[in-house]
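Below is one structure, written out as structure tokens; comments come after it.
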Amino acid sequence: MSARTLSRPASLEALDETAVPLAGGTDLVPLVRDGLVEAETLVDVRSLLPRGVEPGGIGIGAGTTLADLERSGEVPDALREACRLAASPQLRAMGTIGGNLLQATRCWYWRLAFPCYLHGGDRCHAREGEHREHAIFAVEPCASAHPSDPAAALLALGAVVETTRRRLPLAELYRLPTEDDRRLTTLAGGELILRLRLEEPDASVYLKAMDRQRWSFPLVGVAAARYGEETRLALAGVAPIPWALGSPADLDAATPLPGTAYKVDIARALVGRALAAVR
Amino acid sequence: MTELLVNGGRHEVHGSVLTTLAEVLRGHLGLTGTKVACGEGHCGACTVLLDGAPALACITLLEAVGEREVTTIEGLRDHPLVDAFVRADAVQCGFCTPGQIVSAAALVRETPAPTREQVRHAMAGNLCRCGTYPKIEEAISTWQG
């Protein structure tokens, strides 16, 4: 275990670079207790984050729980469905949308602290090992799969992220790991997501394939959002980061591992169903 | 020293930064009805209510509870769901039962007569390895007698 203090600041202004913000804690608490995240200081920001949905579903506070969004009549169908199909009731009642976007991969090698590429090592153990829940895009140098359902929905909905320092398209919150930087997000130390803004679509949907009918991470999740003639697609569970799909034909460019080839077929089927649903 | 509001009573408890609510309930307050099985937020055995919403005590830090009121299975001793679980014989080994009843209490408070689909959706975070799910559904759909 590694964390020395928990502080409860009066405002979000004074977060220093080493502060590790804690909101719902559903991912962070197990990671800190397992020693996978080092946190000199945990900063309890739960009661400081904006919470709730602005009318029209255009602005969402980062402290809004997945349970809030699941029940909201204000948010687009794709986001509401993605929240409803995510995790378990307890986790949805605890977990915030801001934290959900930043959750770590479910890759068992990473979670068991193998010295893998994402942990700074020189190889991806999943590539030669067990990887049926892993990626089909960007499988090198790390074949992990991003587990967030809402992230795919928000990517298709063109969400813009407001942090304590800047505004950026959701796609720019994420990055693939590189030799000199193994992180999967572009968030700086002490930078906090405050709010999400999205464009109201004409129609949207989120479809999810999982091992169980409930309480399971996505094997493949597909979000589709139609704006007039244009339909945007984004996928969960298929790459180390949420994955925007330019067109259904882009699935032909997937580079699955032997154990994830089946995900391409599932993605193709769900993309077809999603496009039909928003037509 | 942290003040904790549990089942209507105030308690002063000690813990380190990473002490969980489940550890305090069981080890310090003797409220051992809250079970810990997986210890990482998957199984639902440690479910309690925080201000009425279901939460996993094994991954909730004591210091992050704040002013929220904690309700454990001991606080639901007189809830009709307890008898309903007995009537429906919804218990086999019984280890998951406290968490099941806490989740069910949160459900029926908002939706007193849930449909089967609503029960399955609300109870998805409580695993039962004995497989008593049909009996649990029966208990929840007959709790009002």
Side-chain angles (χ1 to χ4, degrees), chain A residues 1-8 20-48 65-68 70-71 81 83-96 99 103 106 111-112 210 212-217, chain B residues 2 15-23 34 36 38-68 96 99-100 102-107 109-111 114 116-128 133:
Chain A
M1 297 192 203
S2 55
R4 309 226 164 156
T5 57
L6 186 142
S7 71
R8 196 167 288 121
V20 176
L22 172 73
T26 54
D27 197 29
L28 184 61
V29 169
L31 291 178
V32 173
R33 281 172 59 89
D34 288 347
L36 288 167
V37 169
E38 299 279 330
E40 187 73 17
T41 307
L42 286 174
V43 184
D44 186 357
V45 297
R46 188 180 55 84
S47 54
L48 297 175
T65 65
L66 269 60
D68 293 338
E70 173 189 4
R71 294 185 192 119
E81 273 299 290
C83 290
R84 195 180 73 85
L85 293 170
S88 69
Q90 298 95 319
L91 293 168
R92 293 193 297 271
M94 298 168 73
T96 63
Q103 67 186 295
R106 306 308 304 180
R111 294 228 165 215
L112 292 171
M210 45 186 159
R212 299 184 289 217
Q213 288 191 338
R214 292 178 172 81
W215 184 192
S216 206
F217 290 96
Chain B
T2 306
S16 70
V17 176
L18 294 182
T19 300
T20 64
L21 175 59
E23 288 165 348
T34 300
V36 176
C38 74
E40 54 183 22
H42 284 281
C43 76
C46 67
T47 304
V48 298
L49 303 179
L50 291 183
D51 281 349
L56 300 165
C58 79
I59 57 168
T60 298
L61 297 182
L62 165 66
E63 292 196 40
V65 174
E67 292 300 303
R68 292 179 287 179
C96 72
Q100 300 278 2
V102 174
S103 280
L107 167 64
R109 200 178 70 144
E110 280 191 10
T111 312
R116 189 174 180 189
E117 172 56 32
Q118 285 171 324
V119 171
R120 291 185 168 192
H121 186 64
M123 299 300 293
N126 291 82
L127 305 186
C128 169
Y133 299 113

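Everything numeric in this text was worked out from a predicted model, so none of it was measured. Throughout, a chain's letter reflects where its sequence line sits, starting with A, and its residues are numbered from 1.
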Rounded to the nearest 0.5 Å, what's the gap from CD1 on B:Ile59 to CD on A:Gln90? Could you check? 9.5 Å
Does the pair B:Val119 and B:Leu107 meet the rule for a side-chain contact (heavy atoms from CB on, under 4.5 Å), with working shown? CA-CA 8 Å; B:Val119 171; B:Leu107 167 64; 4.2 Å; yes
Go through the steps to decide whether B:Asp51 and B:Arg68 satisfy the test salt bridge (charged side-chain N to carboxylate O under 4.0 Å, His left out), and finish with yes or no. CA-CA 6 Å; B:Asp51 281 349; B:Arg68 292 179 287 179; 5.6 Å; no
Applying a strict 4.5 Å limit to non-hydrogen atoms, the region of B:Ala122 in contact with chain A is backbone
Under 4.5 Å to a heavy atom of chain B? For A:Leu22 that would be side chain
Just so I understand: if I count every heavy-atom pair under 4.5 Å between each of B:His121, B:Arg120, B:Glu63 and chain A, which residue has the most? B:His121
Out of B:Ser16, B:Gly39, B:Pro54, which one racks up the most heavy-atom pairs below 4.5 Å with chain A? B:Pro54
Test side-chain contact (heavy atoms from CB on, under 4.5 Å) applied to A:Val43 and A:Val20, step by step: CA-CA 6 Å; A:Val43 184; A:Val20 176; over 6 Å; no
In terms of heavy-atom proximity below 4.5 Å to chain A, should B:Glu110 be classed as side chain, backbone, both, or neither? side chain
For B:Ser103, which atoms come within 4.5 Å of any heavy atom of chain A: side chain, backbone, both, or neither? side chain
As an exercise: rank B:Ala64, B:Cys58, B:Gly41 by heavy-atom pairs under 4.5 Å with chain A and give me the winner. B:Ala64
Tell me yes or no: between the side chains of B:Thr111 and B:Gln118, is some donor less than 3.5 Å from an acceptor? no
Run the numbers on B:Thr60 and A:Met94 for side-chain contact (heavy atoms from CB on, under 4.5 Å), then give the verdict. CA-CA 9 Å; B:Thr60 298; A:Met94 298 168 73; 3.3 Å; yes
Measure A:Arg8 against the heavy atoms of chain B and call it side chain, backbone, both or neither at under 4.5 Å. side chain
